[in-house]
Amino acid sequence: ALARVDSGFSADHVLTFHVGAAWDEDRTRVSQLQARLLEELHRLPGVRDAGYANFLPASGATLRSQVRVDGLAGDGSGVLTVGSRTITAGYLKALSVPLVAGEWCRDVGPGATSAPGAMVNQQFVDRFAGGQNIVGRRVSFTQFQSTSFAITGVVGDILEDGPSAPAVPYVYSCL
């Protein structure tokens with residue numbers, strides 16, 4: 001029955017693996033290791049895209065965050081409750097998630113010149129923006145008020161919370 005569920009992504013020709021780090025490990029060193037791994041993966045024959053995410057879809061990690069988006073009212077106070085993932089530029093492309101509007105995340109690894117952006121899913125647009133274009137608006141996480149991201153694009157819905165859970169609004173922070 002799971003083979004008939006539209007998960008919103010394709011696992012065909014996708015390899016996943018876990019890279020762990022201790023909470024107190026040097027984040028700069030971990031970031032450099034991740035960048036090196038991505039460079040090496042991209043050099044392999046047949047690899048089209050590669051990326052990282054803090055959690056894979058349907059992994060049991062149903063992270064919820066509160067965000068504010070310029071021009072959206074949310075619950076009246078401007079706060080929207082969303083699912084959240086932290087990803088790198090190639091992650092959604094590697095899973096063949098469709099780009100609905102805007103553009104993909106830009107590479108913000110070591111030496112990158114662009115600022116980090118964010119992507120949202122179609123559920124986010126439908127539920128909170130009434131279908132209007134929100135590419136270019138700023139999204140900020142309430143727990144990190146000093147950090148905001150420009151929304152660079154909208155992607156199709158992924159069943160992030162599992163194959164039996166409906167798609168919910170998600171924000172993908174591109175870091």
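What you see is a predicted model, and the numbers here were worked out from it, not measured in a lab.
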> Is the side chain of R138 donor-acceptor paired with the backbone N or O of S148 at a distance under 3.5 Å, no angle test?
Replying inline: yes
>> Please give me the minimum heavy-atom distance between A118 and C174, naming the atom from each residue.
In response: CA-SG, 4.0 Å
> If you take all heavy atoms of W104 and P98, which pair is closest and at what distance?
Replying inline: CH2-C, 4.3 Å
>> Just checking R29: does its CZ atom have more than 12 heavy atoms from other residues, nucleotides or ligands closer to it than 6.0 angstrom?
In response: no
> Hey, what do you get for OG (S84) to CZ (F141), rounding to the nearest 0.5 Å?
Replying inline: 5.0 Å
>> What's the separation between atom CD1 in I158 and atom CZ in R85, rounded to the nearest 0.5 Å?
In response: 9.0 Å
> Which value, rounded to the nearest 0.5 Å, describes the distance between D26 atom CG and Q32 atom CD?
Replying inline: 7.5 Å
> Taking all non-hydrogen atoms of both residues, which atom of C105 and which atom of I87 are closest, and how far apart?
Replying inline: SG-CD1, 4.2 Å
>> With a 4.5 Å cut-off on side-chain heavy atoms, are Y91 and D49 touching?
In response: no
> How close do T88 and Y52 get, heavy atom to heavy atom, and via which atoms?
Replying inline: OG1-N, 2.7 Å
>> Taking the side chain as everything from C-beta on, heavy atoms only, tell me whether R106 gets closer than 4.5 Å to T152.
In response: yes
> Does the pair M119 and L92 meet the rule for a side-chain contact (heavy atoms from CB on, under 4.5 Å), with working shown?
Replying inline: CA-CA 10 Å; M119 301 190 78; L92 293 169; 4.0 Å; yes
>> Let me confirm one number: the CG-OG distance from L175 to S31, rounded to the nearest 0.5 Å.
In response: 10.0 Å
> What are the two closest non-hydrogen atoms of L95 and P57, and how far apart are they?
Replying inline: CD1-CG, 4.3 Å
>> So, taking the atom named OG1 in T86 and the one named CG in L63, what distance separates them when rounded to the nearest 0.5 Å?
In response: 8.0 Å
> Which heavy-atom pair separates V171 from V82 by the least distance, and what is that distance?
Replying inline: CG2-CG2, 3.9 Å
> Taking side chain as C-beta onward, heavy atoms only, is V120 less than 4.5 Å from V125?
Replying inline: yes
> Got a donor-acceptor contact below 3.5 angstrom from the D157 side chain to the A167 backbone?
Replying inline: no
>> My understanding is that only one of N121, V154, V155 makes a side-chain contact (heavy atoms from CB on, under 4.5 Å) with V100; could you say which?
In response: V154
Using a 3.5 Å cut-off and no angle test, enumerate the donor-acceptor pairs between side-chain atoms of residues 128-137 and protein atoms at least two apart in sequence or in another chain.
unit_1 : atom_1 : unit_2 : atom_2 : d
Q132   : OE1    : R137   : NH2    : 2.9
Q132   : NE2    : A129   : O      : 3.1
N133   : OD1    : V135   : N      : 2.9
R137   : NH1    : D70    : O      : 3.2

>> Quick one, T81 with R64, criterion side-chain hydrogen bond (donor to acceptor under 3.5 Å, both in side chains). Give me CA distance, side-chain angles, the key distance, then yes/no.
In response: CA-CA 7 Å; T81 300; R64 295 295 183 256; over 6 Å; no
> Under a 4.5 Å cut-off applied to non-hydrogen side-chain atoms, are Y170 and E160 in contact?
Replying inline: yes
